[in-house]
Amino acid sequence: MRLTLLGTGDARQVPVYNCACAACDSARVYPQRRRGPCCALVECGGQRWLIDSGLSDLAERFAPGALNGILQTHYHADHAQGLLHLRWGMDMRLPVHGPADPEGLADLYKHPGILDFSAPFKAFERRQLGELSVTALPLVHSKPTFGYLLEGGGRRIAYLTDTVGLPQATEHLLRRMSLDLLLLDCSLPPQAETPRNHNDLTLALHSIERLRPAKALLTHIGHTLDAWLLEQPHSPLPDNVQLARDGMQL
């Protein structure tokens, strides 16, 4: 199984429009420090599934037939806006598996085009997609949201974004797993109060400590976290924890 991180930023992305913080200024100079909409591509046994669709150029990135479908975590715009254009393709069907959300995004359900939303996941449902096994994991967010447990090729990866903390049942399931890799939402530097909708570094590290993955990557990163980390004389991250970067292959 191979996982490619196509984007690792939060809704604002990095650099943020008209922001002159250290992280945004650095990202304008060094392209490798830029962060696009949070999404990934998982490949296993000839199957290729996109995790989220916030990129605006999906039709250019993926030729017809290049994807088996999309694993949608939720329907906030920064994770689903690419579907608005992709749907107008012709003479094909593209499955979109995600949470059941009556609101969806804009008019996607009314005018789905080539997109097939007919088989939403249920909480903790496991599906076999060729050699790839996918389990939908409920998360804590302002819209119905799933993370995904990906199993295949002898590897076990948990992809968990967007969330603030973890529901008890999700944490309980993952604590029983031996995770090779955990990708976890971490949008903010340490906050004085419990954040809303997204982990800060304190919450993210707490979850990592409890889940005990072999390796963890922080994703859905905002510019304030990047800027805060640039100011630290020593890295506050444990040895098995790194920042995700756009273009990483795992």
Side-chain angles (χ1 to χ4, degrees), residues 1-17 19 21 23-24 26-43 48-63 66-87 94 96-99 105 108 115 134 139 141-143 145-148 150 157-164 181-188 197-199 201 204 215-227 229 241-250:
M1 177 167 52
R2 178 168 64 182
L3 188 72
T4 303
L5 305 184
L6 303 178
T8 60
D10 67 356
R12 293 180 176 180
Q13 305 176 52
V14 181
V16 174
Y17 185 65
C19 178
C21 76
C24 291
S26 179
R28 293 185 183 97
V29 176
Y30 302 104
Q32 66 271 26
R33 295 183 180 177
R34 299 178 71 92
R35 298 189 185 279
C38 194
C39 58
L41 176 69
V42 59
E43 301 170 273
R48 303 176 84 234
W49 288 82
L50 189 64
I51 305 177
D52 278 339
S53 47
L55 297 168
S56 60
D57 60 350
L58 293 179
E60 288 72 39
R61 286 179 182 249
F62 299 103
L67 293 173
N68 293 90
I70 297 171
L71 302 173
Q72 196 68 39
T73 65
H74 66 298
Y75 290 97
H76 274 147
D78 58 313
H79 291 261
Q81 61 196 357
L83 298 177
L84 295 170
H85 175 243
L86 193 64
R87 62 177 165 174
L94 190 65
V96 182
H97 301 321
L105 173 65
L108 278 173
L115 305 176
V134 180
L139 299 179
H141 199 47
S142 57
K143 262 185 170 291
T145 302
F146 286 143
Y148 292 106
L150 310 169
I157 297 173
Y159 187 95
L160 310 178
T161 181
D162 300 25
T163 192
V164 54
L181 178 64
L182 169 65
L183 287 108
L184 182 62
D185 181 297
C186 186
S187 298
L188 303 163
N197 274 337
H198 296 280
N199 285 332
L201 183 58
K215 181 178 180 180
L217 290 174
L218 305 179
T219 191
H220 205 276
I221 293 168
H223 71 135
T224 58
L225 176 58
D226 273 337
L229 288 170
V241 180
Q242 295 177 252
L243 293 185
R245 292 288 180 190
D246 290 21
M248 267 187 173
Q249 285 195 339
L250 307 156

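Here the structure is a predicted model, which means the values were calculated and not measured.
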Partners meeting salt bridge (Lys or Arg N to Asp or Glu O under 4.0 Å) with R48 (sequence neighbours left out): E43
Any side-chain heavy-atom pair of L55 and C39 under 4.5 Å: yes
R245 atom CZ, neighbour heavy-atom count above 12 within 6.0 Å: yes
pair L41-L67: side-chain heavy atoms closer than 4.5 Å: yes
Side chain N199, main chain D185, donor-acceptor under 3.5 Å: yes
Any residue meeting salt bridge (Lys or Arg N to Asp or Glu O under 4.0 Å) with R87, in chain and number order, not counting sequence neighbours: D107
Check: F62 and L94 side chains under 4.5 Å, non-hydrogen atoms: no
With R61 via salt bridge (Lys or Arg N to Asp or Glu O under 4.0 Å) - residues at least two apart: D57
Student check: side-chain heavy atoms of D78 and D10 closer than 4.5 Å: no
Set of side chain to side chain donor-acceptor pair (under 3.5 Å) partners for D52, sequence neighbours left out: Q72, T73, H79
Test ring-ring contact (aromatic ring centres under 6.0 Å, His included) applied to H198 - qualifying residues, sequence neighbours left out: H141, H220
Test side chain to side chain contact (heavy atoms under 4.5 Å, CB included) applied to N197 and D162, step by step: CA-CA 7 Å; N197 274 337; D162 300 25; over 6 Å; no
Any residue meeting salt bridge (Lys or Arg N to Asp or Glu O under 4.0 Å) with D226, in chain and number order, not counting sequence neighbours: R35
Residue list, side chain to side chain contact (heavy atoms under 4.5 Å, CB included) with L181, at least two apart or on another chain: I157, L183, K215, L217, L250
Contacts of type side chain to side chain donor-acceptor pair (under 3.5 Å), residue D246, not counting sequence neighbours: T8
All side chain to side chain donor-acceptor pair (under 3.5 Å) counterparts of S26, not counting sequence neighbours: R33
Set of side chain to side chain contact (heavy atoms under 4.5 Å, CB included) partners for Q249, sequence neighbours left out: R2, T4
Side-chain (T163) to main-chain (T161) donor-acceptor, under 3.5 angstrom: no
Y159: partners by ring-ring contact (aromatic ring centres under 6.0 Å, His included), with sequence neighbours left out: none
